[in-house]
Amino acid sequence: MSAVLFILGVLFMVLAIGASIALHEVGHLVPAKLFGLRVPQYMIGFGKTLFSFKRGETQYGIKMLPLGGYISMVGMYPPRPAAEGGPGAPRKKPNLFQRVFGQMVDDARSQANENVRPEDEGRMFYQLPTYKRIIIMLGGPFMNLILGFVLIGIVLTSFGVATTTTTVSEVYKCIATAENADQTECSASDPAAPAYEAGLLPGDTITSVNGMAVAQGEWNKLTDVIRENPGQPVSLQYTRDGASHSTTMTPYLTDRPVTDANGYPVKGADGEYEMAKVGFVGMSSTVENLPQPISEVPGVVGTQLANIGTVILHLPERMADVARAAFGNEERDPNGPVSIVGVGRIAGEISAEDSISVGDKFATLLSLAGGLNLALFAFNLIPLLPLDGGHVVGALYDGLKRTVARIFSLKNVKPVDTIKMLPLTYVVVVAMLAMGGLLIYADIFKPIQLF
């Protein structure tokens, strides 16, 4: 059964990735057609075409290698100017750069413009106003941003977030058993835990502390008061079986781990947990999935984008960490980069895990798909060709040139020819393939351990 669930999880993520790629390209396709461009092809995948049909001016299809997708727009690059060896140009001896890369650039330009027809004049990509080119190129990443926002919004508002609630899950009889998991019995000399002395029981829901109301998901608000008042009486209001009760307890002064804003223990520079002398009462809370208001979604999406941006900014360092883990004894960073193989494997492991409920599994898979779309959004904004961000930079530079030309009444301003960046584009592609290969290897032979 676990194997079947693992396969189902992988298939879910394969479909999610395919849908994300397809809709990314729709994000390019729709504005391109709205702006009058002719789009000969809309393809999912690369290599040999497995299935296709034509609707209007566009051939839609699926190719053999599901490693991405593309749309072809006529006139992505301007024709080669006569002064640079185009039609009607005098023959000149090529320099070293032209000999090495010139033919490569010319071949790529010819292939890109092979579908240009005489009637396409005035409706080619490079002839569009700058803002239209930017809208077209940002349409794909923006579609991924919308998908990420929607999927994460569904998870937060419908399934909720695992939250420590104000409902008590366990009350320890003495401080010793509360602080030491290995000790299960209290001795006569062990001081009683304040929560036990106050009469609290598992299942009680605390509603206020020192006269301050606490909502169901505000356990940290309650514990802050307890930690800050060792040796001082703390009053509580709580409900049990629908009836309201009150009690008072005096927190015990002890060493407890320092926690962050999310309630997780903080480690110091030496790798050990930071400790502080605080109040302690010897009780713990239940953890429930509490639906969040839709107003929480932008903050969560923003936090995820910030984390993804940090990974991208430190990508060389992160890839070095992956290499050390893949070929050494180090563990993979669970917050580090993964390949499509790694995403599928994580989805499969989550689906096959017996300790996770069906609802939590589905919510986690949706959240994973949402995070993937946010990663696609951020990665495609990198200002390097062949990524969408590189085309946006090219359009902005072209717009700047045209603006300067208008200001100074310059004539015959040539459009920015981004295909001249083809050598750098190949370097970027090779680097992306190398990173992808390393991540796939690591995800197969040294995967991230979730359980």
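Count residues from 1 along the sequence.
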Checklist outcome for this item: CG (D321) and CD (E330) are apart, to the nearest 0.5 Å, by 7.0 Å
Next on the checklist: Please check this pair: side chain of T163 against backbone of V161, looking for a donor-acceptor N/O pair closer than 3.5 Å.
Outcome noted: yes
Checklist entry - Would you say T223's side chain and N220's backbone share a donor-acceptor pair under 3.5 angstrom? => result yes
Next on the checklist: Any non-hydrogen side-chain atom of Q292 less than 4.5 Å from a side-chain atom of T157?
Outcome noted: no
Checklist entry - Taking only residues two or more places apart in sequence, or in another chain, which ones meet Y42 in a ring-ring contact (aromatic ring centres under 6.0 Å, His included)? => result Y60
Checklist entry - Distance from T425 atom OG1 to L387 atom CG, nearest 0.5 Å? => result 9.5 Å
Item to check | T303 side chain vs G299 backbone, donor-acceptor pair below 3.5 Å | outcome: yes
Checklist entry - Does the side-chain contact (heavy atoms from CB on, under 4.5 Å) test come out yes or no for I448 and V338, once each step is laid out? => result CA-CA 9 Å; I448 291 174; V338 294; 3.4 Å; yes
Next on the checklist: With a 4.5 Å cut-off on side-chain heavy atoms, are I71 and M43 touching?
Outcome noted: no
Checklist entry - How would you list, by chain and number, every residue that makes a side-chain hydrogen bond (donor to acceptor under 3.5 Å, both in side chains) with S339, sequence neighbours excluded? => result D443
Next on the checklist: Looking at every non-hydrogen atom in both residues, tell me the closest pair between I340 and I17 and how far apart they are.
Outcome noted: CG2-CD1, 3.5 Å
Checklist entry - Do L439 and P337 come close enough that some side-chain heavy atom pair is under 4.5 Å? => result yes
Next on the checklist: If you compare all heavy atoms of P79 against all heavy atoms of Y126, which two are closest, and at what distance to 0.1 Å?
Outcome noted: CD-OH, 3.4 Å
Item to check | Pairs satisfying side chain to side chain donor-acceptor pair (under 3.5 Å), at least one member in residues 340-360, at least two apart | outcome: N289-D360, E353-S355, S357-D360
Checklist entry - Okay, side chain of N329, backbone of A325: is any donor-acceptor separation there less than 3.5 Å? => result no
Checklist entry - Atom NZ in K361, atom CD1 in I356: separation rounded to 0.5 Å? => result 6.5 Å
Checklist entry - Can you tell me if H28 and D388 form a side-chain donor-acceptor pair at under 3.5 Å? => result yes
Item to check | Minimum heavy-atom distance I294-P298, with the two atoms named | outcome: O-CD, 3.5 Å
Item to check | Closest heavy-atom pair and its distance - P383, V393 | outcome: CB-CG2, 3.5 Å
Next on the checklist: In the structure I gave you, are the side-chain heavy atoms of L366 and F159 within less than 4.5 Å of one another anywhere?
Outcome noted: yes
Checklist entry - Counting heavy atoms not belonging to F46, are there more than 12 under 6.0 Å from its CZ? => result yes
Item to check | Step-by-step side-chain contact (heavy atoms from CB on, under 4.5 Å) determination, D255 to F280 | outcome: CA-CA 9 Å; D255 288 323; F280 179 68; over 6 Å; no
Item to check | Between CG on residue L128 and CE on residue M73, distance to nearest 0.5 Å | outcome: 9.0 Å
Checklist entry - Minimum heavy-atom separation for N373 to G148, with atom names? => result CB-N, 3.8 Å
Checklist entry - Hey, are the side chains of K63 and I44 touching, using non-hydrogen atoms and a 4.5 Å cut-off? => result no
Item to check | Test applied, side chain to side chain contact (heavy atoms under 4.5 Å, CB included); reference residue, Q59; option that passes from P40, S72, S52 | outcome: S52
Next on the checklist: Taking atom CD as the centre, does E119 end up with more than 12 heavy-atom neighbours from other residues, nucleotides or ligands that are less than 6.0 angstrom away?
Outcome noted: yes
Next on the checklist: Using side-chain heavy atoms (C-beta onward) and a distance below 4.5 Å, is I134 in contact with T130?
Outcome noted: yes
Checklist entry - Under 3.5 Å, is there a donor-acceptor pair between the side chain of N229 and the main chain of I226? => result no
Item to check | salt bridge (charged side-chain N to carboxylate O under 4.0 Å, His left out) against E57, all qualifying residues, sequence neighbours excluded | outcome: R123
Checklist entry - Can a donor-acceptor pair be found between the side chains of S169 and S284 at a distance below 3.5 Å? => result yes
Checklist entry - What residues form a ring-ring contact (aromatic ring centres under 6.0 Å, His included) with Y397, not counting sequence neighbours? => result none
Checklist outcome for this item: Scanning both residues in full, the closest heavy-atom pair of V287 with A162 reads CG1-CB, 4.0 Å
Item to check | Pairwise ring-ring contact (aromatic ring centres under 6.0 Å, His included) hits with a residue in residues 282-339, at least two apart | outcome: F327-Y441
Item to check | K132 side chain vs F125 backbone, donor-acceptor pair below 3.5 Å | outcome: no
Checklist entry - Is a donor on one side and an acceptor on the other found under 3.5 Å between the side chain of T310 and the backbone of A306? => result yes
Next on the checklist: Using side-chain contact (heavy atoms from CB on, under 4.5 Å), reason through I152 and L374 one step at a time and then give a plain yes or no.
Outcome noted: CA-CA 10 Å; I152 292 172; L374 295 183; 3.5 Å; yes
Checklist entry - Atom CD in E218, atom CG in D224: separation rounded to 0.5 Å? => result 10.5 Å
Next on the checklist: Counting only heavy atoms from other residues, nucleotides and ligands, does the tally under 6.0 Å from CZ of F408 exceed 12?
Outcome noted: no
Checklist entry - Short question: side chain of H24, backbone of G140 - any donor-acceptor pair under 3.5 Å? => result yes
Checklist entry - Should R133 and D398 count as an ion pair when the cut-off is N to O under 4.0 Å? => result yes
Next on the checklist: Evaluate V416 against K401 for side-chain contact (heavy atoms from CB on, under 4.5 Å), listing each step before the verdict.
Outcome noted: CA-CA 8 Å; V416 171; K401 280 184 64 176; 3.6 Å; yes
Next on the checklist: Within the 4.5 Å heavy-atom criterion, are M143 and E25 side-chain neighbours or not?
Outcome noted: no
Checklist entry - Can T205 and T167 be counted as having a side-chain donor-acceptor contact under 3.5 angstrom? => result yes
Checklist entry - Below 4.5 Å, heavy atoms only, C-beta onward: do L37 and I136 meet side chain to side chain? => result yes
Item to check | Pairwise distance CD1(I308) to CZ(F379) - rounded to 0.5 angstrom | outcome: 12.0 Å
Checklist entry - Under the 3.5 angstrom rule, does the side chain of D120 hit a backbone N or O of V116 as a donor-acceptor pair? => result no
Next on the checklist: Could you tell me if T286 and T165 have a donor-acceptor pair between their side chains, going purely by distance under 3.5 Å?
Outcome noted: yes
